[in-house]
Amino acid sequence: MGKQALILTEQDYGFDIPDWAGLLIQKEFEVWSHSILGTENPSKVELKADIILLDLLDVAASDIDILIERSVALRAKHGLDHARVPMVAIASPSVHLTEDQLLHFSDILQPPLTGDLISNRLISLMRLATMRREAERRALTFKRFGVGLPVVPPPSDLAEQKLLFLGSGMAFLPVQSALPDSIDIVASLTPQMAEDMLEAQKFDALIIELSDYNAHLVEFTNALRRNPSYFSLPIILVCHKKATEDGLAALAAGANDIVSFPFSERFFENRIDILVREERYRQQLRKIFSEARLLMPTDEITRLYSEKFLKAHLEALEGDTGATSMSFAGIDISFDVIGDNQGHKIHENSLLSRVGRLISSLMRAEDLLARLDNGRFVALFPDTDLYETRSALRRIRSIVQLSPFIEQSSQKGVKVSLDFSLHYSDTKSEMTDVDKILKDLFENPVIRF
């Protein structure tokens with residue numbers, strides 16, 4: 001995902017930026033500043049920003065309204081609409097914005113700011129914007145085939161959250177104190193208790209406390225991520241200093257984030273809010289897309305999107321000014337019957353259908369999986385760089401290759417192998433030749449693994 005931020009300011013910093021923006025540079029953001037009261041327009045580079053920040057720190061209360069008005073006018077003038085490029089206010093706690101003013105912002109961040117807090121929040125807002133844009137693009141493609149698709153915005157109300165806590169209990173009260181009273185937290189002492197509760201109830205996130213002898217908790221995290229039912233369940237680790245090494249192991253096993261103990265209550269609440277909001281939106285979009293896909297051109301064998309749909313969707317991207325970053329993955333699937341020394345012919349269609357649907361279920365809602373007319377699979381990852389795409393595909397491969405598959409005619413187990421080829425597009429000119437992209441994906445990929 002691109003991490004480019006444009007800071008709108010009252011004073012003119014020239015080629016410099018506000019002091020607090022150094023936190024973003026430390027988190028590998030590209031940052032520009034532009035005086036909202038100046039007469040010059042932002043440069044073409046500045047207008048490619050993924051997120052806009054309005055700096056209201058040290059601004060007189062009487063000037064806030066005009067700064068917001070100028071910011072809104074600038075966004076409208078340059079097509080930086082609210083859904084595509086979120087705008088965040090950086091304001092002092094003493095500043096109280098009216099309801100009308102708040103409508104223009106995706107979030108308000110207040111000091112004290114830390115690199116992790118502001119970076120995580122902005123990245124989450126950009127990902128929510130990506131999901132919203134993909135919902136709009138998918139709706140446009142569906143419309144071409146005569147099907148209406150509702151475009152729902154990200155959830156604003158996260159009421160009735162339910163979290164599961166797993167651990168010895170030393171961090172339970174601090175976790176409970178950090179979160180609003182409206183959030184229900186259920187505690188479990190062992191992985192088996194947690195597993196039973198996950199099967200019996202629906203939880204928004206899992207909090208795992210690591211302190212001593214954590215090997216079983218690391219393995220539990222790994223096992224959850226290998227289970228398609230919990231592949232995307234938000235998992236956040238609360239790690240005591242003496243368990244840092246185990247915390248990193250659990251992070252590598254699939255946990256979303258790690259917070260050292262003692263932790264900032266504000267930071268912890270922020271991380272839970274981000275993870276739950278993203279997951280709820282993905283589940284909402286997944287349900288809408290899955291139901292509507294049944295009315296689309298699909299591959300006869302797998303019932304995934306067809307090449308016809310994929311090309312129509314890519315063509316729709318050409319007119320989208322926000323479509324500046326896209327990773328493609330070509331997926332080759334091969335089968336090997338375990339213990340078959342007689343060379344029985346494998347009936348691939350049924351296996352392809354099951355494996356294809358499993359891969360699709362392990363992808364994010366904003367991603368798309370299609371089967372081409374030549375039998376190859378193509379996955380599309382919007383606003384995702386090659387590193388993120390490769391990490392996601394490795395996780396998918398580990399689950400698919402460990403999942404049990406049976407060859408129907410021989411009733412023997414089947415080993416499934418996945419090979420990937422990657423292609424990345426970050427300019428609109430590349431998006432114009434769909435056939436070339438799909439051809440290069442398999443014949444001239446950027447990465448093959």
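Counting from 1, the numbers follow the sequence of the chain as shown. Heavy-atom basis, side chains included; hydrogens, waters and symmetry copies ignored.
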Asker: Can you name the closest pair of heavy atoms from P111 and P93 and give their distance?
Answerer: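 So the two residues come closest at O-CG, 3.8 Å.
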Asker: Under a 4.0 Å threshold between the charged nitrogen and the carboxylate oxygen, would R282 count as salt-bridged to E279?
Answerer: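 No, E279 and R282 are not salt-bridged.
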Asker: Might you point out which heavy atoms bring F328 and L441 nearest each other, and give the distance in Å?
Answerer: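 Smallest heavy-atom distance, with atoms named: O-CD1, 3.6 Å.
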Asker: If we only count heavy atoms from C-beta on, is the L368 to F309 side-chain gap below 4.5 Å?
Answerer: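 L368 vs F309: side chains touch.
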Asker: Minimum heavy-atom separation for P228 and I399, please, with both atom names.
Answerer: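 P228 and I399 have their closest heavy atoms at CG-CG2, 4.4 Å.
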Asker: Side chain to side chain contact (heavy atoms under 4.5 Å, CB included) between K311 and L314: does it pass, once the steps are laid out?
Answerer: CA-CA 5 Å; K311 288 186 174 181; L314 292 177; 5.5 Å; no
Asker: Would you give the length of the straight line joining atom CD of Q401 to atom OG of S417, rounded to the nearest 0.5 angstrom?
Answerer: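 Answer rounded to 0.5 Å: 5.0 Å.
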Asker: Does any non-hydrogen side-chain atom of R286 lie less than 4.5 Å from one of S232?
Answerer: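 Result no, sub-4.5 Å side-chain heavy-atom pair not found.
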Asker: How many angstroms lie between NE2 in H104 and CD1 in I52, if you round to the nearest 0.5 Å?
Answerer: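 Reported value, rounded in 0.5 Å steps: 13.0 Å.
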Asker: Compare every heavy atom of L54 with every heavy atom of S71, then report the nearest pair and how far apart it is.
Answerer: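 Scanning both residues completely, I find the closest heavy atoms to be OG-CD1, 3.3 Å.
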Asker: Measuring only between side-chain heavy atoms, which start at C-beta, is T302 closer than 4.5 Å to F377?
Answerer: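 Yes. Closest side-chain heavy atoms under 4.5 Å.
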Asker: Take Q101 and H96 through the test side-chain hydrogen bond (donor to acceptor under 3.5 Å, both in side chains) and record every step on the way to the result.
Answerer: CA-CA 10 Å; Q101 291 172 332; H96 299 286; over 6 Å; no
Asker: Any donor and acceptor pair, going by atom type alone, linking the side chain of E388 with main-chain N or O of D385 inside 3.5 Å?
Answerer: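 The answer is yes, because a donor-acceptor pair under 3.5 Å joins these two groups.
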Asker: Can you name the nearest heavy-atom pair linking D58 to E10, along with the distance?
Answerer: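 In this case the closest contact between D58 and E10 is O-OE1, 4.3 Å.
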Asker: Less than 4.5 Å apart, side chain to side chain, heavy atoms only: is that true for R364 and R127?
Answerer: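 Touching, per the 4.5 Å side-chain cut-off.
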Asker: Measure the acute angle between the ring planes of F449 and F420, then classify it against the limits of 30° and 60° as parallel, tilted or perpendicular.
Answerer: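 The arrangement is tilted - the two ring planes meet at 30° to 60°.
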Asker: Could you check whether any side-chain N or O of S327 sits under 3.5 Å from a backbone N or O of T384, counting only pairs where one atom can act as donor and the other as acceptor?
Answerer: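 A pair under 3.5 Å: yes.
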Asker: Would you call the rings of Y305 and F142 parallel, tilted or perpendicular, taking 30° and 60° as the class edges?
Answerer: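 Answer is perpendicular, since the angle exceeds 60°.
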Asker: Could you check whether any side-chain heavy atom of L23 comes within less than 4.5 Å of a side-chain heavy atom of K27, counting everything from C-beta outward?
Answerer: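 Not in contact.
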Asker: How many angstroms lie between CZ in R137 and CG in L149, if you round to the nearest 0.5 Å?
Answerer: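 Answer for the CZ-CG pair, R137 versus L149, is 13.5 Å.
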Asker: Does any part of the side chain of I272, heavy atoms only, come nearer than 4.5 Å to the side chain of Q161, both counted from C-beta?
Answerer: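 Yes, close enough: below the 4.5 Å cut-off.
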Asker: Has E245 got more than 12 heavy atoms of other residues, nucleotides or ligands less than 6.0 Å from its CD?
Answerer: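 Incorrect, the count does not exceed 12.
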Asker: With a 4.5 Å cut-off on side-chain heavy atoms, are M296 and R144 touching?
Answerer: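 Result no, sub-4.5 Å side-chain heavy-atom pair not found.
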Asker: Could you tell me whether a side-chain N or O of E209 sits under 3.5 Å from a main-chain N or O of G169, the two making a donor and an acceptor?
Answerer: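 Present.
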Asker: Side chain to side chain contact (heavy atoms under 4.5 Å, CB included) for S188 and L164? Distances and angles first, verdict last.
Answerer: CA-CA 7 Å; S188 59; L164 178 61; 4.0 Å; yes
Asker: Judged by atom type as modelled, is there a donor-acceptor pair below 3.5 Å linking the side chain of S360 to the main-chain atoms of R357?
Answerer: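 Checked: no pair found.
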Asker: Output, in order, the C-alpha distance, side-chain angles, deciding distance and verdict of salt bridge (charged side-chain N to carboxylate O under 4.0 Å, His left out) for R121 and D273.
Answerer: CA-CA 9 Å; R121 173 59 77 178; D273 178 89; 3.1 Å; yes
Asker: Determine, step by step, whether R448 and D419 satisfy the salt bridge (charged side-chain N to carboxylate O under 4.0 Å, His left out) criterion, reporting the C-alpha distance in whole Å, the side-chain angles of both residues, the deciding distance to 0.1 Å, and the verdict.
Answerer: CA-CA 8 Å; R448 195 189 302 274; D419 293 301; over 6 Å; no
Asker: Can you list the steps and then say if L198 with E195 is a side chain to side chain contact (heavy atoms under 4.5 Å, CB included)?
Answerer: CA-CA 5 Å; L198 285 169; E195 186 175 352; 5.5 Å; no
Asker: If you count every heavy atom of other residues, nucleotides or ligands that lies below 6.0 Å from E40 atom CD, does the total exceed 12?
Answerer: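 Counting neighbours around CD of E40, 12 or fewer heavy atoms of other residues, nucleotides or ligands fall under 6.0 Å, so no.
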Asker: Find out whether E366 and L285 are in side-chain contact, i.e. whether some heavy atom of one side chain is under 4.5 Å from a heavy atom of the other.
Answerer: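 No - every pair of side-chain heavy atoms lies 4.5 Å or more apart.
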Asker: Do the numbers put R138 on top of the ring of F289, so that NZ or CZ is under 6.0 Å from the six-membered ring centre and no more than 45° off the axis?
Answerer: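 Yes, R138 and F289 form such a contact.
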Asker: Please determine whether the number of non-hydrogen atoms from other residues, nucleotides or ligands lying under 6.0 Å from atom CE of M193 exceeds 12.
Answerer: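 Counting neighbours around CE of M193, more than 12 heavy atoms of other residues, nucleotides or ligands fall under 6.0 Å, so yes.
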Asker: Does D212, at its CG atom, have more than 12 non-hydrogen atoms belonging to other residues, nucleotides or ligands within less than 6.0 Å?
Answerer: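 For D212, atom CG is crowded (more than 12 foreign heavy atoms under 6.0 Å).
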Asker: When rounded to the nearest 0.5 angstrom, what is the spacing between CD1 in I396 and CG in D367?
Answerer: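 So the CD1 of I396 and the CG of D367 are separated by 8.0 Å.
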Asker: Within the side chain of S391, is there an N or O that forms a donor-acceptor pair under 3.5 Å with the backbone of Y387?
Answerer: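 Between the backbone of Y387 and the side chain of S391 there is a qualifying donor-acceptor contact (under 3.5 Å).
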Asker: Spell out, as yes or no, whether a donor-acceptor pair under 3.5 Å connects the side chain of N256 to the backbone of I235.
Answerer: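 Such a contact is found between N256 side chain and I235 backbone.
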Asker: Do side-chain atoms of R395 reach the backbone of R225 as a donor and acceptor pair under 3.5 angstrom?
Answerer: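 Not confirmed, R395 side chain does not pair with R225 backbone.
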Asker: With salt bridge (charged side-chain N to carboxylate O under 4.0 Å, His left out) as the test, would you mind laying out the steps for K436 and D440 before giving the verdict?
Answerer: CA-CA 6 Å; K436 184 177 186 303; D440 287 345; 2.6 Å; yes
Asker: Quick one: do L206 and L224 satisfy side chain to side chain contact (heavy atoms under 4.5 Å, CB included)? Show the steps, please.
Answerer: CA-CA 11 Å; L206 171 64; L224 282 181; 3.5 Å; yes
Asker: If we ignore hydrogens and angles and just use 3.5 Å, is the side chain of Y281 paired with the main-chain N or O of V152 as donor and acceptor?
Answerer: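 Side chain of Y281 to backbone of V152: a pair is present.
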Asker: Say you draw a straight line from CZ of F220 to CD1 of I208; how long is it, rounded to the nearest 0.5 Å?
Answerer: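 Spacing of CZ (F220) from CD1 (I208) equals 6.0 Å.
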Asker: Looking at every heavy atom in both I274 and N120, which two are closest together, and how far apart are they?
Answerer: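 Closest approach of I274 to N120, heavy atoms only: CD1-O, 3.5 Å.
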Asker: Assess whether a salt bridge exists between D332 and R376, defined as any Lys/Arg side-chain N lying under 4.0 Å from an Asp/Glu carboxylate O.
Answerer: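 Yes, charged N to carboxylate O under 4.0 Å.
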Asker: Would the distance check show the side chain of D50 and the main-chain N or O of Q4 forming a donor-acceptor pair, the cut-off being under 3.5 Å?
Answerer: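 Side chain of D50 to backbone of Q4: a pair is present.
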Asker: Return the CG to OG1 distance between L217 and T190, rounded to the nearest 0.5 Å.
Answerer: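 Rounded to the nearest 0.5 Å, the CG-OG1 separation comes out at 9.5 Å.
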Asker: Say whether S124 and E278, considering side chains only, have a donor N or O and an acceptor N or O under 3.5 Å apart.
Answerer: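 E278 and S124 do have a side-chain donor-acceptor pair below 3.5 Å.
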Asker: Does the pair E136 and R132 meet the rule for a salt bridge (charged side-chain N to carboxylate O under 4.0 Å, His left out), with working shown?
Answerer: CA-CA 6 Å; E136 292 173 347; R132 169 67 179 265; 3.2 Å; yes
